[in-house]
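Worksheet for the structure shown next.
This one's a predicted model, so the numbers in the text were calculated from it and none came from an experiment. One-based numbering, in listed order, for ligands and for the atoms of each.
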Amino acid sequence: MNYNQAKFVTSAQKISQLPASKGEVAFAGRSNAGKSSAINTITNINGLARTSKTPGRTQLLNYFEIAEGYFLVDLPGYGYAKVSHSVQKAWEKTLSEYIETREQLRGLVIIMDIRHPLTPHDQQMIKWVASYDIPMHILLTKADKLNRGPANNVLLEVRKALAEYGYLITVQLFSSLKGMGIDDAKFKLNSWFAES
Ligand code: GDP
């Protein structure tokens with residue numbers, strides 16, 4: 001796939017508004033973990049996913065087309081304190097429905113700040129997504145914030161903590177700032193898109 005061909009196509013507020021799709025990979029993560037930056041880095045398009053926090057816009061499924069009928073989907077960051085409880089609830093309902101019903105979803109990329117990996121919310125999400133047999137790939141981003149040794153230790157610890165999921169979950173180091181881990185991330189996405 002040519003990720004640098006990505007073009008924003010639509011923001012869907014509900015499942016009924018999702019575009020016709022042959023295959024898609026979604027991105028999730030706690031707000032501020034670096035999800036927008038990761039999407040911008042993988043596509044090499046600055047500002048494709050908004051890095052600024054606009055509550056109105058973050059409560060949507062944002063679709064970026066990378067080839068005809070194939071998409072990257074930017075899911076709202078979770079745990080965003082500035083949205084109301086009711087908005088949060090409504091969003092959780094939409095996310096549940098998306099994960100449970102979207103057959104075109106090939107895999108979920110979960111972004112975690114390497115300094116705060118596997119928060120309770122992350123773990124809850126992983127357990128639940130795994131129950132639907134949806135593959136996950138974790139980007140431990142902002143890896144530039146740690147030295148190589150400590151970063152690799154976190155990588156090993158996270159892999160160990162998720163070992164029970166076997167091949168369903170893979171984990172890698174990533175840095176949007178340093179452009180680290182881009183090829184590995186694309187390799188994973190390609191393997192998902194290649195599945196029919
Ligand atoms: P989002 O809320 O998950 O979409 O997070 P953003 O992509 O907007 O990033 C949140 C903050 O972390 C911003 O200030 C980014 O500049 C910063 N950031 C994102 N990725 C990296 C990274 O790889 N390294 C460093 N050092 N900072 C990053």
*At a 4.0 Å cut-off, with the gap strictly under it, does some heavy atom of Ser175 reach an atom of ligand 1?*
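For ligand 1, residue contact (heavy atoms, under 4.0 Å) with Ser175 is present.
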*asked:* Within the structure, is a non-hydrogen atom of Ile111 found at a distance of less than 4.0 Å from ligand 1?
replied: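 No, Ile111 has no heavy atoms under 4.0 Å from ligand 1.
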*Between the main-chain N or O of Asn62 and the side-chain N or O of Asp74, is there a donor-acceptor pair closer than 3.5 Å?*
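Checked: no pair found.
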*Distance-only side-chain donor-acceptor flag, Ser37 / Ser176, under 3.5 Å*: no
*Consider only side-chain N and O atoms of Tyr70 and Glu65, and report whether a donor and an acceptor are under 3.5 Å apart.*
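No, Glu65 and Tyr70 have no side-chain donor paired with an acceptor closer than 3.5 Å.
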*asked:* Does any N or O of ligand 1 fall below 3.5 Å from an N or O anywhere on Phe174, backbone included?
replied: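 It does not: no N or O of Phe174 is found under 3.5 Å from an N or O of ligand 1.
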*Could an N or O of ligand 1 be found under 3.5 Å from any N or O of Lys35, whether backbone or side chain?*
yes
*Run the numbers on Lys160 and Glu157 for salt bridge (Lys or Arg N to Asp or Glu O under 4.0 Å), then give the verdict.*
CA-CA 5 Å; Lys160 199 168 146 193; Glu157 278 164 28; over 6 Å; no
*Determine, considering heavy atoms only, which of Gly29, Gly181, Ser37 sits nearest to atom 6 (P) of ligand 1.*
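Nearest option to atom 6 (P) of ligand 1, by heavy atoms: Ser37.
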*Could you tell me whether Arg102 and Glu24 make a salt bridge, using a distance below 4.0 angstrom between a side-chain N and a carboxylate O?*
yes
For [X], atoms of ligand 1 separated by under 4.0 Å from a heavy atom:
X: Lys145; value: 26 (N)
X: Gly34; value: 1 (P), 3 (O), 5 (O), 6 (P), 7 (O), 9 (O), 19 (C)
X: Thr141; value: 23 (O)

*Counting heavy atoms only, which part of Lys178 comes closer than 4.0 Å to ligand 1: side chain, backbone, both or neither?*
neither
*Asn32 contact mode with ligand 1 (heavy-atom cut-off under 4.0 Å)*: both
*Would you call the rings of Tyr3 and Phe193 parallel, tilted or perpendicular, where under 30° means parallel and over 60° means perpendicular?*
tilted
*Taking Leu75 as the fixed residue, which of Leu108, Leu60, Thr94, Ile110 is the one that meets the side chain to side chain contact (heavy atoms under 4.5 Å, CB included) rule?*
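The option that passes is Leu108.
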